[in-house]
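Order of the sequence lines fixes the chain letters, A, B, ..., with proteins taken first and strands second; residue numbering starts at 1 for each chain. Values below: all heavy atoms of this structure, side chains included; hydrogens, waters and symmetry mates excluded.
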Amino acid sequence: MDYIAIEKKWQDKWQRDDVYKFDKTKVGKKKYVMEMFSYPSGAKLHAGHWFNFGPSDSYARFKAMQGYNVFEPMGFDAFGLPAENYAIKTGIHPEDSTLKNIDTMERQLKAMGAMFNWDAEVVTCMPDYYKWTQWMFVQLYKAGLAYRKEAPVNWCPSCATVLANEQVVDGACERCNSTVVRKNLTQWFFKITDYAEELLNCLDDLDWPEKTKLMQKNWIGKSTGAEVEFTLDNGKTFRVFTTRADTLYGVSYVVLAPEHPLVDEITTPDRQADIDAYRDMVSKVNEIERLSSTREKTGAFTGAYAINPINGKKVQVWVADYVLYSYGTGAVMGVPSHDERDFAFANKYGMDITRVVKGGEGVDDTLPFVEEGYAINCDEFDGLPTSEAKKGIVEKLASIGKGKFVTNYRLRDWLVSRQRYWGAPIPVVYCDKCGTVVVPEEQLPVLLPRDVDFKPDGKSPLRKHEGFMNTTCPHCGGPATREADTLDTFVCSSWYFLRYPDNKNQDKPFDSEWINQMLPVDKYIGGAEHACMHLLYARFFVKALRDMGYLNFDEPFKSLVHQGIILGPDGQKMSKSRGNVVSPDSYIDKYGADAFRMYLMFGFSYTTGGPWSDDGIRSIAKYLDRVERLVLGYIDKTESSDDIGEEEKNLNYILNTTIKKVTEDMEAFSFNTAIARLMELTNAIYLYKGTNVNFIKDVLDKMVRLLAPITPHFSEELNMLMGKPYPIIKREYPLVDESALVKNEVEIAIQINSKIKGRIMIPTDKSGKDLEEYIIALPEVVALIGGATVRKIIVVPGRLANIIVG
RNA sequence: GCCGAAAUGGUGGAAUUGGCAGACGCGUCGGACUCAAAAUCCGAAGAUGGCGACAUCGUGUGGGUUCAAGUCCCACUUUCGGCACCA
């Protein structure tokens with residue numbers, strides 16, 4: 001078969017006949033299946049894209065043949081850093097390179113023969129999309145979920161530009177190698193923390209991989225503890241967060257994050273130089289290093305003292321980089337006796353170490369002792385177990401207004417400002433008279449100007465564009481300045497699944513009534529690397545939009561599957577710089593799209609992926625030839641017996657177990673085993689020696705239908721050759737004939753003392769005691785037992801019998 | 001460092017979730033067809049020992065639980081994903 005020719009033929013015909021059109025009148029039977037859209041960075045799709053899109057398209061086709069009305073849209077996450085970097089390097093405008101890449105990728109995606117609903121496409125860098133991204137910002141602002149505050153960025157002093165984490169290599173700028181420092185800028189945030197509790201609680205009900213739910217759970221990082229107020233010499237107070245309030249009597253110092261604003265106020269003149277030097281040093285260390293538990297703890301004394309509210313003890317106030325300003329209150333109490341970090345810190349700087357928790361009977365409670373135990377040296381709380389001591393101490397603090405129970409989350413608010421050009425402008429203007437004013441909805445979009453200078457020279461590209469920056473205040477009409485930052489591209493991807501089904505809507509981002517019927521997405525497929533960020537942001541958006549009244553559901557993605565990653569042949573992640581990118585094009589030219597996607601489905605575990613190798617791609621082509629020969633061999637045969645003998649019964653059994661297994665495997669994204677079953681069926685048909693041609697034709701028809709989601713063009717062709725109705729996607733997916741699966745005998749393994757000794761056939765109508773007695777009475781089994789005493793017998797129906805003797 | 005995964009023949013990968021390890025392929029070897037080769041069809045095969053029936057060993061390492069462990073528990077090793085401005 002000329003695969004290339006038939007693929008082209010069917011793709012054209014499918015398009016002419018619009019066979020994959022989503023039927024908006026049958027929304028009750030809808031299945032919304034979508035893959036994470038891709039970033040058009042490289043000029044072309046690589047094998048990894050196919051690995052994401054090909055198999056999931058097969059899943060979508062499988063659902064379509066099961067009678068669902070499938071919606072499988074596709075789009076592009078088109079804003080972002082790489083296009084801008086490319087522009088800086090080559091001078092090619094990001095819009096031009098991006099649109100060109102999208103064009104190429106669309107063409108390649110169409111060549112895949114997927115049933116994408118192209119009329120639902122979204123491209124996030126187009127004004128008709130980012131208009132509504134900006135609208136989202138405005139709604140969040142109105143709902144009190146967007147605010148500004150100072151936050152650090154990576155700053156390269158030599159390039160005078162903000163760097164992405166990715167552009168910082170070992171603390172240095174990837175372009176000029178100067179040391180990168182952190183610098184505070186006022187930036188926009190979304191208050192995702194308002195939803196921390198709900199984001200955590202709703203995880204339970206999602207059909208997502210357990211590991212992903214666990215990662216999100218840990219990312220949100222709920223921890224219950226207490227805030228305790230310490231008073232400084234100058235009368236000012238600050239709070240520390242602790243999960244071990246029971247150790248408050250053991251505090252020997254307190255620590256503020258180096259970024260904590262109080263540090264400036266309290267540092268004594270003689271300590272100022274030290275503190276400045278320390279803060280300068282810390283500004284060069286990234287957060288991952290700061291949190292490393294093996295890194296040596298460092299700190300500096302501010303010269304100030306604070307009073308422990310529980311016992312009036314005066315303790316030193318230090319700064320140390322292991323305290324993060326962004327978590328808890330940005331301050332912690334140091335209890336060296338019961339915390340490993342504090343223990344190391346206290347030893348280094350010569351602080352007191354006072355035990356306040358004792359282990360129970362027989363417990364090794366060598367300091368630092370971080371387990372729970374019983375309070376000692378704690379006045380009236382002595383002897384209380386840890387949990388009660390916590391309660392007692394916090395209640396006492398509460399009674400004097402010095403503490404309370406609080407719940408803390410590790411999750412931080414989402415910083416959405418980017419000091420870059422290639423993103424959606426943040427729709428805000430600053431007016432001397434009216435202050436911060438969001439752009440009214442009817443004035444959206446705030447268009448991203450094309451004629452900008454995006455060379456890095458110390459200013460955000462948009463800030464240099466006077467025509468963009470200078471505007472009038474929507475409130476008072478006076479002169480005003482625009483926000484020069486753009487939105488994080490994660491904002492664009494946090495709602496695109498809401499736009500797909502209503503992508504042409506000019507009046508609103510989507511029609512709520514329609515979207516409430518189309519969503520949530522039934523099956524979302526994408527990489528596990530998005531577990532914590534994209535997948536959490538999208539959930540936040542849906543919840544926020546629901547609370548604003550735009551949606552009536554709680555979660556965007558009911559069911560989630562992660563595909564693995566196809567690595568380069570060298571086992572490394574495919575990347576242009578490594579030069580290990582595998583392009584599908586030459587394979588498709590040689591073997592066709594069907595064979596290529598089937599190979600990807602067969603040669604790798606879908607959720608694991610692995611290093612690319614084309615060993616075996618030829619074997620898929622050979623397999624398809626084998627199927628073709630089989631079908632063509634029977635097509636013209638008209639003479640048939642109507643025998644239903646052993647040959648037919650046997651093959652019918654294999655056919656129906658295949659249908660059963662393949663259906664289950666397709667449902668579970670276990671494509672490699674589904675294909676293995678189909679190969680077994682093909683092998684079994686080859687071995688058929690009977691003469692019942694009508695029966696075989698029926699088996700072949702079912703096999704072709706089972707193959708249709710995996711090799712759509714090839715199966716369409718065979719379907720036509722067999723004279724069956726077009727298109728195959730509208731034909732029914734084969735159903736299992738349960739009666740064909742009934743067998744009256746099964747083979748089980750016989751174990752003596754847990755070692756396999758043989759295999760026997762046993763009737764399927766026996767069970768329990770009957771079966772045990774039947775087995776030990778069998779002559780083969782008696783011989784194996786050889787006169788020894790049977791002590792125990794364990795029978796696993798259909799699997800094995802283990803006879804314990806001796 | 002912290003969070004989350006993974007490790008199975010020469011090789012890609014299976015294993016009903018605690019029940020016959022290695023399905024289905026690739027590669028290899030043998031046979032059929034052929035003058036021959038290719039293609040195709042049929043078959044063998046974890047390792048070691050044995051002519052053989054068979055025996056022993058075997059799922060990254062070391063322990064453990066169990067009638068039974070690739071699967072569960074403990075301690076490690078290595079690799080991968082994420083760590084909030086790559087997307």
Mutual orientation of the aromatic rings belonging to Phe190(A) and Phe137(A) [parallel < 30°, tilted 30-60°, perpendicular > 60°]: tilted
Aromatic plane relationship, Tyr599(A) with Phe604(A) - under 30° parallel, 30 to 60° tilted, over 60° perpendicular: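 Perpendicular, since the angle between the ring planes exceeds 60°.
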From the set [options], return the single nucleotide nearest to any side-chain atom of [X].
X	options	result
Leu687(A)	A87(B), C42(B), G81(B)	C42(B)
Tyr686(A)	C41(B), A14(B), C24(B)	C41(B)
Glu529(A)	G81(B), C85(B), A23(B)	G81(B)
Thr673(A)	A23(B), G4(B), C26(B)	A23(B)
Ile756(A)	A21(B), A84(B), C26(B)	A21(B)
Leu415(A)	C85(B), C86(B), C24(B)	C85(B)
Phe602(A)	U56(B), C24(B), C83(B)	C24(B)
Asn683(A)	C24(B), C42(B), G82(B)	C24(B)

Identify whether any heavy atom of [X] sits under 4.0 Å from a base atom; if not, whether one sits that close to sugar-phosphate; answer base, sugar-phosphate or nothing.
X	value
Arg791(A)	nothing
Arg410(A)	base
Leu411(A)	base
Gln187(A)	base
Gly526(A)	nothing
Glu289(A)	nothing
Val153(A)	base
Ser417(A)	base
His534(A)	nothing
Ile288(A)	base
Leu800(A)	base
Lys217(A)	nothing
Lys622(A)	sugar-phosphate

Between [X] and [Y], a side-chain donor and acceptor under 3.5 Å:
X	Y	result
Arg539(A)	Gln216(A)	yes
Asp485(A)	Gln419(A)	yes
Thr193(A)	Tyr409(A)	no

Within this structure, what is the [atom1]-to-[atom2] distance between [X] and [N], rounded to whole angstrom?
X	N	atom1	atom2	answer
Met215(A)	C2(B)	CE	C1'	13 Å
Phe604(A)	C24(B)	CZ	P	20 Å
Glu628(A)	U40(B)	CD	P	13 Å
Leu535(A)	G81(B)	CG	P	18 Å
Trp414(A)	A87(B)	CH2	C1'	13 Å
Lys755(A)	A21(B)	NZ	C1'	14 Å
Glu287(A)	C83(B)	CD	C1'	9 Å
Leu624(A)	U40(B)	CG	P	13 Å

Give every pair of a protein N or O atom and an N or O atom of nucleotides 65-72 of chain B that lie under 3.5 Å apart, one pair per line with the distance.
from	atom 1	to	atom 2	distance (Å)
C67(B)	O2'	Ser754(A)	OG	2.3
C67(B)	O2'	Asn802(A)	ND2	3.4
C67(B)	O2	Asn802(A)	ND2	2.7

Would you say the rings of [Y] and [X] are close, in the sense that their centroids are separated by under 6.0 Å?
X	Y	answer
Trp414(A)	Tyr537(A)	yes
Phe343(A)	Phe345(A)	no
Tyr496(A)	Tyr129(A)	no

Cation-aromatic face contact Arg626(A)/Tyr686(A), 6.0 Å, 45 degrees: yes
Within 45° cone and under 6.0 Å: Arg597(A) NZ/CZ vs Trp50(A) ring: no
Pairwise C1' distance, A21(B) and A47(B) [rounded to whole Å]: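 Their C1' atoms lie roughly 14 Å apart.
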Does the structure show a Watson-Crick or G-U wobble partner for [N], both distances under 3.5 Å? Name it, or say none.
N	result
G12(B)	C24(B)
U66(B)	none
C29(B)	G43(B)
G4(B)	C80(B)
U34(B)	none

So, OP1 or OP2 of [N]: does either fall under 4.0 Å of a side-chain N or O from [X]?
X	N	answer
Ser605(A)	A14(B)	yes
Lys757(A)	A55(B)	yes
Ser619(A)	G25(B)	no
Arg759(A)	C20(B)	no
Arg618(A)	G27(B)	no
Arg290(A)	C2(B)	no
Asn218(A)	C2(B)	no

Residue mapping more 5' on RNA chain B - nearest nucleotide basis, Gly603(A) or Glu210(A):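 Residue closer to the 5' terminus by nearest nucleotide: Glu210(A).
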5' priority, RNA chain B, between Gly758(A) and Arg626(A) [closest heavy atom]: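 The residue mapped nearer the 5' terminus is Gly758(A).
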Glycosidic conformation of U17(B), taking syn as within 90° of 0 and anti otherwise: syn
Torsion-based syn/anti label for G64(B), 90° from 0 as limit: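 Anti for G64(B); the angle lies over 90° from 0.
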Trace of the side-chain contact (heavy atoms from CB on, under 4.5 Å) decision for Leu81(A) with Arg420(A): CA-CA 8 Å; Leu81(A) 184 65; Arg420(A) 296 194 211 296; 3.6 Å; yes
Ile617(A) vs Phe596(A), side-chain contact (heavy atoms from CB on, under 4.5 Å): CA-CA, chis, key distance, verdict: CA-CA 7 Å; Ile617(A) 185 163; Phe596(A) 188 70; 3.7 Å; yes
